[in-house]
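Keep in mind that the numbers below use all heavy atoms, side chains included, and drop hydrogens, waters and symmetry copies. Letters A, B, ... are given to chains in the order of the sequence lines, protein chains preceding strands, and every chain is numbered from 1.
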Protein chains: 2
Amino acid sequence: MGAASSGSPLRADARRNADQIRRAAMDVFRDRGLTVPLEDVAAAAGVSKATIFNRFGGRVGLVEAVIDEVVAAELSRIVDRTRSIADAQEQMAYYVTAIRDLQYSRPAANDVLLQEFPHSPQLMAICHAAEEIDDELVAAGHASSTLRPEFTRDDLHALVVDNAIALKHGARPRRADYDRRTGFILEGIRAHKPSPA
Amino acid sequence: MGAASSGSPLRADARRNADQIRRAAMDVFRDRGLTVPLEDVAAAAGVSKATIFNRFGGRVGLVEAVIDEVVAAELSRIVDRTRSIADAQEQMAYYVTAIRDLQYSRPAANDVLLQEFPHSPQLMAICHAAEEIDDELVAAGHASSTLRPEFTRDDLHALVVDNAIALKHGARPRRADYDRRTGFILEGIRAHKPSPA
DNA sequence: CGGAAACTGACCTTCCGGGTCAACTTACGC
DNA sequence: GCGTAAGTTGACCCGGAAGGTCAGTTTCCG
């Protein structure tokens with residue numbers, strides 16, 4: 001978008017800078033989220049903040065230029081893998097675990113999930129895809145009676161969003177603690193079959 | 001502390017203003033948290049911001065002057081009631097439900113739990129009391145095998161803190177949704193006895 | 001009524017990050 | 001090489017939000 005395909009070809013130095021900015025943005029966004037000061041991205045790229053505006057028009061343009069590499073690809077990989085699982089119980093377990101893993105290791109994912117850029121159709125599309133699978137999972141869980149019947153799509157969504165907020169604004173827990181808590185969540189939402197008597 | 005007991009007695013108008021500020025602070029803090037702009041408290045009290053500084057020295061002084069009425073009393077009531085419950089399972093259920101209820105209806109509680117004022121011994125004491133009961137509850141739960149054995153004190157603490165963050169920075173869920181989710185949490189952490197066969 | 005106490009509005013300060021621009025530097029076609 | 005357009009950049013402005021301050025005025029009360 002924007003500068004990528006328009007008008008005359010870039011001069012060599014401009015192209016080089018754009019590449020460096022992209023690379024820096026991937027690193028910095030991945031590790032510190034999509035709301036990191038652009039100045040930090042610029043510093044990591046070895047250019048000045050103004051150059052980012054020259055090449056990408058601003059934060060949104062830059063985010064859209066790298067969001068795929070940063071999280072979108074991984075997110076859709078998770079969605080695909082989830083869909084490929086037959087057993088509803090496993091499916092839900094995989095999805096929740098994988099999403100929470102992504103949220104832990106890729107702060108940028110939380111910014112996407114929290115819809116920090118509501119004006120970017122591209123970013124919103126990613127969110128929408130995630131909402132869709134929530135529906136499927138809950139439906140599958142109910143159909144197979146492996147999910148508590150009162151558990152709703154909104155509950156699953158809230159699970160993810162609340163975790164995003166906690167990771168974004170709170171202290172990052174140790175990995176082992178985080179994973180253990182993922183387990184408690186899964187326990188809490190799964191239907192306990194009345195032990196096949 | 002500070003202005004309350006020091007030096008000469010206040011003039012009538014000063015005393016009146018101090019009272020109005022206290023009353024306004026209770027309302028505003030309760031509803032909107034302890035980090036609300038002091039200007040809003042002043043407006044609600046019908047005085048100017050500077051008067052709050054005159055009487056209370058600043059936000060911390062004011063918070064300490066009203067924290068008891070705002071949340072501390074309710075919080076310790078919860079702790080007391082929890083301790084008075086004999087059954088470990090019920091105890092945990094009551095505590096988690098009551099704390100989460102407090103968090104939902106009293107945003108100020110979240111600011112206390114999140115330790116927004118680490119320099120106030122008074123506020124920190126409240127936190128500390130809350131941490132103590134976490135220990136007791138987890139110990140009781142383990143002793144009676146009503147709590148998952150891998151569930152730790154930190155897990156309980158994280159449960160409360162993460163919820164505080166979610167309520168502070170996120171959208172407030174509908175009450176029914178919130179309560180339902182409280183139920184999922186309780187399900188997730190309780191030990192499922194191997195159905196008394 | 002006089003002076004001390006108290007109040008207040010307007011102001012300062014700091015932090016933060018997005019965004020802009022005139023002046024400088026660099027690439028590159030001729 | 002050199003002119004010039006493209007590109008870069010540091011320094012700047014902006015807005016918002018909030019804590020904190022103070023000179024000038026009002027209010028109390030002995």
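- Salt bridge A:R175/A:D101: present, at least one basic N to carboxylate O contact under 4.0 Å.
- Heavy-atom distances to DNA chain D give each of A:R11 and B:A12 a nearest nucleotide, and the one nearer the 5′ end belongs to A:R11.
- Here the side chain of A:A50 is nearest to one of D:dG7, D:dG10, C:dA6, namely D:dG10.
- Across the protein-nucleic acid pair, A:L34 atom CG and C:dG17 atom P stand 15 Å apart, rounded to whole Å.
- Side chain of B:N54, nearest nucleotide from C:dT8, C:dC21, D:dA5: C:dT8.
- Nucleotide C:dA5 holds its P atom 16 Å from the CZ atom of B:R15, rounded to whole Å.
- Going from atom CG of B:D40 over to atom P of D:dG16 covers 16 Å, rounded to whole Å.
- If you measure from atom CD1 of B:I52 to atom C1' of D:dA18, you get 13 Å, rounded to the nearest angstrom.
- Side-chain N/O atoms of A:S48 include none lying less than 4.0 angstrom from OP1 or OP2 on D:dT8.
- Atom-to-atom, CG of A:D13 to C1' of C:dT25 comes out at 10 Å; the value is rounded to the nearest Å.
- Residue B:K49 is the one, among B:R16 and B:K49, whose nearest nucleotide of DNA chain D lies closer to the 5' end (criterion: closest heavy atom).
- Remark: C1' of D:dA5 and CG of A:L10 are 14 Å apart, rounded to the nearest angstrom.
- Looking at the side chain of A:P37, the nearest of the listed nucleotides C:dT8, D:dG7, C:dG17 is C:dG17.
- Side chain of B:H142 to backbone of B:F151: a donor-acceptor contact under 3.5 angstrom is found.
- Summarising the geometry, the separation between CZ on A:F117 and P on C:dG17 is reported as 13 Å, rounded to the nearest angstrom.
- Look at A:D134 and A:R153 and you find no salt bridge, because none of the NZ, NE, NH1 or NH2 atoms lies under 4.0 Å from a carboxylate O.
- OP1 or OP2 of C:dC7 has at least one side-chain nitrogen or oxygen of B:N17 nearer than 4.0 Å.
- Comment: A:R180 does not engage B:E150 in a salt bridge, judged by the lack of any side-chain N to carboxylate O separation of less than 4.0 angstrom.
- When distances are taken from the side chain of B:A14 to each of C:dT8, C:dA6, D:dT9, the shortest belongs to C:dA6.
- Across the protein-nucleic acid pair, A:F53 atom CZ and C:dC21 atom P stand 12 Å apart, rounded to whole Å.
- Mapping B:V47 and A:L38 onto DNA chain C by nearest heavy atom places B:V47 at the nucleotide closer to the 5' end.
- Looking at B:D13 and B:R16, no side-chain N of the basic residue comes within less than 4.0 Å of a carboxylate O on the acidic one, giving no salt bridge.
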